[in-house]
Amino acid sequence: MGLSLVILRKDLLIEIRRKDSVISMIFFGILLLFVMSMAIGIGRKVDPELASGILWISILFSSVLGLGRTFSLEKTNRCIDGLLISPVPPSSVFVAKTSVNFFFMLISEAVIIPVFFALHGDNITIGLAPLLATVLLLNLGFASVGTLFSGITAATRRNEVLLPLLLFPVITPLIAFTVKATGEIFAGVPFGEYSAWLRLMAAFGLIFSCAGYLLFDYVMKEN
Amino acid sequence: MGLSLVILRKDLLIEIRRKDSVISMIFFGILLLFVMSMAIGIGRKVDPELASGILWISILFSSVLGLGRTFSLEKTNRCIDGLLISPVPPSSVFVAKTSVNFFFMLISEAVIIPVFFALHGDNITIGLAPLLATVLLLNLGFASVGTLFSGITAATRRNEVLLPLLLFPVITPLIAFTVKATGEIFAGVPFGEYSAWLRLMAAFGLIFSCAGYLLFDYVMKEN
Amino acid sequence: MDDTSFLRIQGLRKSYEDVDALRGVDLSLARGDFLCLFGPNGAGKTTLIKIVADLLKPTSGTVEISGGQNLDGGIRSRIGLISHQTLLYDELTAMENLQFYSSIYKIPDPEDKIDSLLHTVGLHNRRDERVSTFSAGMQQRLSIARALINDPVLLLLDEPYSGLDQFAATVLSNHLKELHARHRTIIMVTHNLTRGLETANRIGILSEGRLVYLKDRAEIDLRSFEDHYFTHMEAV
Amino acid sequence: MDDTSFLRIQGLRKSYEDVDALRGVDLSLARGDFLCLFGPNGAGKTTLIKIVADLLKPTSGTVEISGGQNLDGGIRSRIGLISHQTLLYDELTAMENLQFYSSIYKIPDPEDKIDSLLHTVGLHNRRDERVSTFSAGMQQRLSIARALINDPVLLLLDEPYSGLDQFAATVLSNHLKELHARHRTIIMVTHNLTRGLETANRIGILSEGRLVYLKDRAEIDLRSFEDHYFTHMEAV
Amino acid sequence: MKDGFIDRFLVVISTALMLTAIYTIFFYAPTEIMMGIVQKIFYFHLPMAFMAFLSYFVAFVCGVLYLIKKDIKWDIIGSASVEIGVVFTTLVLITGSLWARPIWNTWWTWDPRLTTSFILWLIYVAYLILRASVEQVDRRATFCAVMAIVGFIDVPIVFLSARLWRTIHPVVIKSRSIDIEPAMLTTLAISMAAFLLFWLTLLRIRSRVDFTELRIRNLEKIRRGGM
Ligand code: HEM
Ligand SMILES: Nc1ncnc2c1ncn2[C@@H]1O[C@H](COP(=O)(O)OP(=O)(O)OP(=O)(O)O)[C@@H](O)[C@H]1O
Ligand SMILES: Nc1ncnc2c1ncn2[C@@H]1O[C@H](COP(=O)(O)OP(=O)(O)OP(=O)(O)O)[C@@H](O)[C@H]1O
Ligand SMILES: [Mg+2]
Ligand SMILES: [Mg+2]
């Protein structure tokens with residue numbers, strides 16, 4: 001735990017110094033939101049589920065930017081060798097990197113979601129608490145699968161390209177749950193009717209964070 | 001011209017050896033096609049313009065992967081210094097890289113578009129000749145602006161991330177023209193009614209390939 | 001093959017796709033040995049160092065350190081590595097890099113240690129600048145400080161002199177002699193004959209994946225060694 | 001400041017954000033001069049080489065080569081550069097890299113040239129393997145072949161010996177002597193005193209961005225030079 | 001010294017003019033019959049849109065000049081101009097949205113004029129992000145110049161594409177005539193003048209900050225014995 005914190009602190013320090021991960025995520029998210037709304041939404045009534053699809057695609061694709069970053073950071077000058085020869089267990093690295101990714105996503109969502117409401121807020125009910133729950137559960141699942149895969153792709157020659165390729169097929173169920181849940185939240189349906197989706201998301205998050213925690217050992221040693 | 005060909009040949013040779021640029025573009029494009037069709041299209045009648053939007057967003061976002069690549073290639077081991085100290089004029093590099101990108105896009109479109117028709121072909125008229133014209137014009141504009149910007153972002157610390165950020169806002173008009181034109185092609189409208197869009201696309205392509213050709217000198221020298 | 005050996009390498013082989021980089025290396029070092037390894041380019045020296053550091057898996061053969069297989073056990077926190085890369089974070093300052101590495105090694109009160117290392121490598125006045133702004137030699141210097149931060153008992157050095165000016169190289173030599181005197185086990189790869197012969201107590205030559213020469217420094221005659229060295233050089 | 005000088009550097013300064021890397025360098029070399037430049041880490045040697053190669057813009061001051069400002073004119077096709085990086089394409093083989101560079105220099109019938117260079121650097125038997133599978137020293141060797149492919153009249157070498165084994169280093173020294181005999185102008189940066197003093201006809205020391213020493217090799221007494229060298233070393 | 005005086009003078013004049021404009025807007029110009037009081041936003045909305053365009057044009061010119069002359073002053077003026085342009089574009093978006101809410105009953109709609117405003121905003125925010133991610137001064141200046149040129153070439157294309165879509169956003173100032181009441185026109189003119197002066201003041205002050213910073217850095221260098 002202590003070691004995770006050390007790595008977490010270092011990553012945040014680097015982010016504060018370069019500022020670019022979070023900013024790019026935010027900007028790219030808004031860009032996607034905009035391009036998709038424009039290509040799809042012009043002259044069309046955007047219903048809650050469509051809006052929810054647009055929102056999450058924007059957030060997820062922009063989040064990949066941050067994901068890839070956390071590992072490519074360790075590959076320049078082969079800093080990862082420094083971690084590998086040290087007594088830091090890979091699982092601590094996993095916890096640190098997952099937290100960083102979780103945190104970066106949270107910040108960028110804090111900006112992207114309000115912009116989304118400004119664009120599409122008219123036909124949408126805003127349920128803050130359930131939306132927050134959805135966000136947190138999505139981030140958990142996405143950050144843990146994403147960290148695991150960014151560990152894998154970092155060992156290949158084309159890290160930034162391969163990552164979304166591997167990641168998205170695996171998290172399609174998570175995306176589907178999230179879009180469904182959010183669609184119903186936006187439609188103003190009572191909690192009971194969509195709580196099943198949230199439970200599925202939680203299950204996905206838990207399963208994959210455990211899997212990531214256990215598998216990361218093997219992945220990291222191949223770097 | 002001869003020098004452009006030399007660089008072009010080298011880039012293709014490297015691509016044949018690694019095979020990854022085009023394959024990633026294709027795979028990522030199809031992935032986007034699926035994710036968007038799923039998030040947006042389920043239980044909804046996908047009309048021609050919406051379909052056209054989905055198609056082009058998939059193609060363009062996947063093409064960025066190839067774009068970034070053409071320059072990051074030159075930055076490893078600072079091969080670009082090898083070009084800069086040589087008598088190769090930057091404009092030859094621009095021509096070579098634009099052609100490579102144009103060509104990679106063409107290959108990936110040759111796969112993505114048929115997949116798209118398999119998914120959404122039902123409500124869509126297929127006009128092969130006008131579609132080909134649209135594709136070629138889009139590729140011209142996208143490849144030249146993209147090459148110029150990948151030259152810029154290659155010199156920054158976060159090349160792969162910054163590129164789409166700079167690129168997409170500038171090419172939004174091109175995207176809009178393309179989506180419009182394709183929407184009408186898909187709707188089976190006669191050529192005369194959308195030829196204006198194609199002319200705009202051609203104008204965009206010409207203006208920006210000239211601008212790129214002229215400005216690339218400055219950009220490349222800063223790398 | 002004495003039982004007291006600190007590091008024991010047996011039948012080590014490593015094949016990449018086309019190339020056999022190591023073709024059966026046997027080696028055993030006692031605690032406190034300082035082995036300097038020479039060899040032509042492409043002999044497999046870096047490959048050997050990486051395998052000993054557990055950064056690369058051998059095709060066959062074993063490496064035992066202090067009795068345990070492949071660095072398992074407490075020894076992992078007492079290894080120092082200098083490789084062809086610096087293992088430094090470009091965006092952090094010299095100071096922050098050393099602070100990070102000292103925290104992952106859980107070094108208590110690292111300030112003094114960091115301070116004295118920065119003085120040793122002559123970067124004290126540049127400690128708050130980012131590594132990305134350092135010259136090649138300055139990065140190498142900092143990498144040395146990084147490798148020494150956990151007071152390693154096993155030090156693996158792959159061309160540590162590369163990029164260093166003569167002053168820094170002399171400082172490093174002296175530091176290595178001192179570590180040697182304090183019974184640290186050291187394996188150093190270098191192409192610098194003078195520096196290698198002046199510091200190590202055992203000298204080896206690796207050629208085409210085999211350890212073709214291994215002698216105590218005391219037994220070596222300088223003239224005849226150079227001849228020996230050059231006979232193994234021709235092949236890449 | 002004779003009018004016949006081939007390379008003339010005047011009042012060259014370069015500042016990065018925090019650091020003044022060059023603080024006014026004046027230097028002029030005649031055609032056929034071989035200058036070896038020593039200096040402590042961070043002295044500004046790489047910065048100087050990059051500016052001469054027109055890869056970096058000076059803050060102020062000028063570089064004239066063969067009369068023209070900043071490499072404009074035909075001279076650009078006759079420059080060779082070895083830098084801290086190799087400028088090689090990882091995915092291409094040794095052969096393909098050299099072929100590419102010879103085509104951008106429009107060298108007629110490059111096959112023989114490439115063949116002989118590959119033999120010189122001892123990579124002929126590895127010519128069809130990808131550079132990414134090469135060891136550090138092999139990459140440096142290939143980088144030397146790359147820099148020589150256009151038969152340069154001005155050769156800029158930033159630590160060309162780094163990573164080379166003694167055999168390759170000797171080959172390089174001999175090759176440089178031969179180029180020197182053929183009146184090529186050479187600027188070499190190295191930390192290897194022996195190699196530098198054995199090949200060059202002019203010796204300089206750059207320290208803290210200034211050229212603090214510049215003499216003809218013939219006038220230099222070895223002992224006193226070493227003392228001189230070390231007095232300038234202490235500062236990073 | 002002289003610059004400082006001009007700046008102070010500009011501040012005073014533009015403040016005065018701005019106050020006059022606000023007075024005219026609320027006490028002189030007639031209240032529009034259909035929209036009521038919200039229509040007052042118009043007198044901010046339109047001048048701000050024009051100032052944004054002016055900023056981007058100035059940045060374009062500065063970009064060209066920088067590439068030709070390689071004088072850092074053009075970079076400083078150009079980037080200051082883009083920063084101001086982005087602020088004004090943001091304000092256009094905000095005032096537009098505030099206006100749209102009561103009139104069109106929505107904060108946002110995918111109307112071409114709105115869309116194009118947003119595209120402009122994106123292009124120049126991307127410029128600012130690019131600026132933030134390059135450290136070396138020359139390199140940053142060159143890239144920003146290229147971006148400013150490309151961005152501005154894009155402006156007419158963006159607007160052309162807007163014209164070709166159907167629009168609910170009114171096009172008031174047609175090729176020749178302006179269909180607007182005289183009192184409103186006077187108010188608009190005053191407001192326009194006030195914003196123009198305000199823009200000029202901002203540009204001078206903003207670029208002054210960078211010039212000063214540049215001077216400080218040079219002085220520091222001299223102090224360190226470098227220059
Ligand atoms: C390039 C940017 C823009 C320019 C040059 C511009 C210009 C104008 C002009 C001249 C009018 C006056 C029309 C009249 O009084 O009849 C107007 C009205 C209006 N604008 Fe804009 N505008 C811009 C962007 C925007 C944006 C981004 C929004 C919304 C977010 C917006 C919302 C409105 C609204 C709601 C009206 C009143 C519409 C009405 O009278 O029905 N405008 N604009
Ligand atoms: N990109 C950069 N940004 C900021 N400072 C830099 C940069 N590159 C070099 N410097 C600084 O400029 C000075 C000279 O660096 P340079 O690389 O020229 O040194 P050098 O003489 O080649 O040293 P070495 O022998 O270590 O290679 C150093 O103090 C270095 O920190
Ligand atoms: N990743 C790799 N893939 C394929 N072959 C490799 C790889 N790494 C090294 N080799 C090959 O293995 C052999 C040994 O390489 P190694 O890097 O260990 O040499 P070295 O002794 O360190 O040489 P140098 O003195 O040049 O650093 C070489 O022939 C090299 O081509
Ligand atoms: Mg090696
Ligand atoms: Mg250097």
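This is a predicted model, so every value here is computed, not measured. Naming convention: chains lettered A, B, ... in sequence-line order (proteins, then strands); numbering from 1 in each chain.
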For D:Ser102, which atoms come within 4.5 Å of any heavy atom of chain B: side chain, backbone, both, or neither? neither

Taking every heavy-atom pair that is under 4.5 Å apart, which of B:Lys221, B:Arg9, B:Glu222, B:Arg78 has the most such pairs with chain D? B:Arg78

Heavy-atom cut-off 4.5 Å, strictly under: side chain, backbone, both or neither for B:Ile7 against chain D? both

Euclidean distance, B:Ser86 OG relative to D:Leu81 CG, rounded to 0.5 Å: 11.5 Å

Side chains of D:Phe100 and B:Val6: closer than 4.5 Å at any heavy-atom pair? yes

From B:Leu13 atom CG to D:Thr93 atom OG1, the distance as rounded to the nearest 0.5 Å: 8.0 Å

Can we say B:Arg18 and D:Glu91 salt-bridge, meaning some charged N sits less than 4.0 Å from an Asp/Glu carboxylate O? yes

Could you tell me which of B:Leu83, B:Val88, B:Asp81 has the largest number of non-hydrogen atom pairs under 4.5 Å with chain D? B:Asp81

How about CG on D:Asp109, more than 12 heavy atoms from neighbouring residues, nucleotides or ligands closer than 6.0 Å, or not? no

Expected output: side-chain B:Asn77 to main-chain D:Leu88 donor-acceptor under 3.5 Å: yes

Of all heavy-atom pairs between D:Tyr101 and B:Gly82, which one has the smallest distance, and what is that distance? OH-CA, 3.7 Å

Between D:Lys50 and chain B, which part of the residue has a heavy atom less than 4.5 Å away: side chain, backbone, both or neither? neither

Do D:Asp54 and B:Ile85 have side chains that approach each other closer than 4.5 Å (heavy atoms only, starting at C-beta)? no

With a 4.5 angstrom heavy-atom cut-off, which part of D:Glu96 approaches chain B: side chain, backbone, both or neither? side chain

Taking all heavy atoms of B:Lys10 and all of D:Leu92, pick out the closest pair and write down the distance. CG-CD1, 3.9 Å

